[in-house]
Amino acid sequence: MSAPDTFVMSVNNMSCASCAGRVDKALRQVPGVLAVDVNLATETAQVTFAPDQASRVDFLAASTAAGYAAQEHSEDNREQVQARKEQRTETYGRRSRLAAVLAAPVILLGMGGHILPGFETLITAVIGQKVNWIIQCIFATAVLFGPGLDFYRRGFPALWRGAPDMNSLVALGTGAAYAFSLIATFLPQILPQGVSGVYYEPASVIVVLILFGRDLENRAKGRTGKAIQSLLGLRVKTAKVRRAEAFVDCPIEDIVVGDFLSLRPGERVAVDGVVHEGSSYLDESMITGEPRPVEKSLGAALTAGTVNGMGHVIYEARRVGQDTTLSQIIQLVEQAQGAKLPIKALVDRLTLWFVPMVLALASATVTAWLIWGPAPALPYALVAGVCVLIIACPCAMGLATPTSIMVGTGRAAEMGVLFRKGDALQLLAGIDVIAFDKTGTLTRGAPVLTDLDVADGFERHAALQVMASVEQGSDHPIARAIVAAANEDGLDLLPIKGGQTYAGLGLSAHVSGEEVILGTERFMQERGINVSGFHASAKALASQGKSVIFAARAGHVMALAGVSDALKPSTQDAIARLKAAGITVVMLTGDRRDAAQQIGAVLGMDEVHAELLPADKSRLLEELKTHARQLAFVGDGINDAPALAAADIGIALGTGTDVAVESADVVLMSGDLLGVVNAIEMSRLTLGNIKQNLFWAFGYNVALIPVAAGALYPGFGMLLSPILAAAAMALSSIFVLANALRLRYVRAAR
């Protein structure tokens, strides 16, 4: 059997949760389907299938046959899809405004008497009731079959197919009110005595309110996709590429691996590459979330979408097209926004049957009013039935989960947090134990100079300058740490002569005519140099797991240096925040026990496990899982792949150039551990937001459907107006969207 294939479709005309349910059902009936996830907020459907049993064309045809035209969602048509969404938003805005203008005379003639005393009497005296109703009929017809025609054009066919949706509810409700009014206007004799009356005004206002609600809904949906649009905006259309010894403008599609590109100040990097000539500082905040510009010189990696500072750089293309980091990030964010969380599956099952249930309730309501309602029963039955149909539209339920996911994952991406797997967004909210790899995760992953004690008669900068000068030709990690420290202090390296290396001991060279020796205490003793004054300091540094280096000049000890893999600047703050959130924090490392215990004590780790092999880490995680509700592991995403896979949620730290870490559920674009805090915070806030939306959406229907059916009439003589029902239905969707949009303003931990 061939490997499963997955693709994403853009699905048109989905307006409510029932629409999404119908598309889901149609796609699942295609032979060979393995998984389907239809997302109302993104208007997409992701299908996983066996390619030897079905093809992509089959799924596109199935969706179209169900009444929802579809096309493949790809890199090439993203902008077309967005343009179509913007056009639809404009269309609904235009329709709602036109409907409001056409409905104004109906509202004035139908409700004027409730606003202005004596207005109804005046109208009846001047033009008569019959003419009044005919005028209302003309304008109501223009509203319903002009701006509101889509409700009938889509709603009734869906009803005939046995798959009613929100449009069907609106079409039935307003259609019933309109049909009754037509009879009352032109054939009143066929109605029972005392029931003549018109409902043009409720039918017209319902259409206006629902169109207005959809206009606001589409505008809000556009804002929920802001993260994707921001990422798409980072892509460049053309770049200057070397062709025949000259740089010419070249479409991004024509760039291939190995091309050399020119990057001038203020320009965006077109494709992933490495610096070939020049140096500069680049703003990578749009990719990693890191606010500080990053220095780039010969051999440094460049990421597509980042912005060059003041320098001019020539770089070689290494990843192009959909292989670039930016394209992979866009794909990951889209996957996360279309994710089907466990909580969403329950909602989908409920909403699929919700519209048929509402139709049944409306029929029961009409029947009950006709049997037990006061005379004249027919108008009461009509009003109650229309109210039930209108107020129960399941838009809010369908939007409750996907809109929160869209906004939450989009805001997380802006913070540099990418959710690769759908259930990670929900599971991460419940973690109570989090384990960290040490090297490269809690620490920088490369030695740095942490301590430098100088002997009497020597000055710190002078000592560091001499030591770095001797080490400048060495590739040893300790040597690089000392040279880097000198560079950070802006010290110029001095010329040396007669440099010599002694394996396992140290090295020597002449600086300004004097011999300088760097190395171990044993090396110093062999050279007859007295280091007794630094014994206590050396012992203290060694106990902390640091490498100890002595330096001597002209036969006298000059300084003692401590080099270690230092903690990242944000590590202590991140661990403190996690512990404050009630999470148990564990460190797993292959380093020596004494060094691990020292770092664990500094950070306040709850548990420290040292001298571990990769297999030991996986075994320990399995043990920790038995005592944890949810366990997360944070590692570098490459060396820690087994541990990342063993945890409930694997979180991989990256530098922005390796986003496709297959073993991780969550990828952090920077190495900053505050990204872990941001990931957990966004997960908890998003899940909380979903629960708030679902509580509102279901609570709204549970509370108001009985009111719409007339539950308050026996005790209080109150019957809900269809106009108020339409307003409440529109407001429920707007509330859900507005609540989800609050996630856009979550602040990243700094």
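The figures that follow rest on heavy atoms only: side chains count, while hydrogens, waters and symmetry mates do not. What you are looking at is a predicted structure, and each value in this text was computed from that prediction instead of being measured. The chain is numbered in sequence order, starting from 1.
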Could you tell me whether a side-chain N or O of T686 sits under 3.5 Å from a main-chain N or O of S683, the two making a donor and an acceptor? no

With sequence neighbours excluded, tell me which residues meet ring pair (Phe, Tyr, Trp, His ring centres under 6.0 Å) with F523. Y502

Can you name the residues that form a side-chain hydrogen bond (donor to acceptor under 3.5 Å, both in side chains) with D648, not counting sequence neighbours? none

Would you say that L588 contacts F436 through its side chain, given a criterion of any heavy-atom pair below 4.5 Å between the two side chains? no

Between CZ of F260 and CD of E277, what distance do you get to the nearest 0.5 Å? 8.5 Å

Side chain to side chain donor-acceptor pair (under 3.5 Å): pairs with one or both residues in residues 243-257, sequence neighbours excluded: K240-D249, R243-D259

Enclosure of F247 CZ (heavy-atom neighbours >12, cutoff 6.0 Å): yes

NZ/NE/NH1/NH2 to OD/OE distance under 4.0 Å, R318 and E316: yes

Rounded at 0.5 Å granularity, tell me how far CG in L428 sits from CD in Q630. 9.0 Å

Determine, step by step, whether H276 and V313 satisfy the side-chain contact (heavy atoms from CB on, under 4.5 Å) criterion, reporting the C-alpha distance in whole Å, the side-chain angles of both residues, the deciding distance to 0.1 Å, and the verdict. CA-CA 7 Å; H276 182 68; V313 169; over 6 Å; no

Sidechain N-carboxylate O distance under 4.0 Å for K296, E284: yes

Between T325 and D272, does any side-chain donor sit less than 3.5 Å from a side-chain acceptor? yes

Nearest 0.5 Å please: distance from the CG atom of L621 over to the CZ atom of R619. 10.0 Å

Do NZ/NE/NH1/NH2 and the carboxylate oxygens of D437 and K617 come within less than 4.0 Å? yes

Suppose we screen for salt bridge (Lys or Arg N to Asp or Glu O under 4.0 Å). Which residues come up paired with D489, at least two apart in sequence or across chains? R460

Without hydrogens or angle criteria, can the side chains of S327 and T324 be said to hold a donor-acceptor pair below 3.5 Å? yes

Looking at NZ of K438 and CE of M605, how far apart are the two atoms once the value is rounded to the nearest 0.5 Å? 10.5 Å

Could I get the full list of side-chain contact (heavy atoms from CB on, under 4.5 Å) partners for E515, not counting sequence neighbours? S508, H510, I517, R527

May I ask you to decide if T441's main-chain N or O and K568's side chain share a donor-acceptor pair within less than 3.5 Å? yes

Closest heavy-atom contact between T520 and F550? C-CD1, 4.0 Å

Drop me the distance from I431's CD1 to I434's CD1, to the nearest 0.5 angstrom. 4.5 Å

Any side-chain to backbone donor/acceptor pair from T571 onto L567? Under 3.5 Å, distance only. no

Residue pairs, two or more places apart or on separate chains, that pass side chain to side chain donor-acceptor pair (under 3.5 Å) and touch residues 477-486: none

Hey, is E414 close enough to R411 for a salt bridge, meaning N to O under 4.0 Å? yes

As an exercise, state the distance from CE of M524 to CG of L560, rounded to the nearest 0.5 Å. 10.0 Å

Would you kindly say whether H312 and S262 are connected by a side-chain donor-acceptor distance under 3.5 Å? yes

Has S570 got a side-chain atom pairing as donor or acceptor with D672's backbone, closer than 3.5 angstrom? no

Verify side-chain contact (heavy atoms from CB on, under 4.5 Å) between L743 and L685, making sure each step is shown before the conclusion. CA-CA 8 Å; L743 293 171; L685 289 174; 3.9 Å; yes

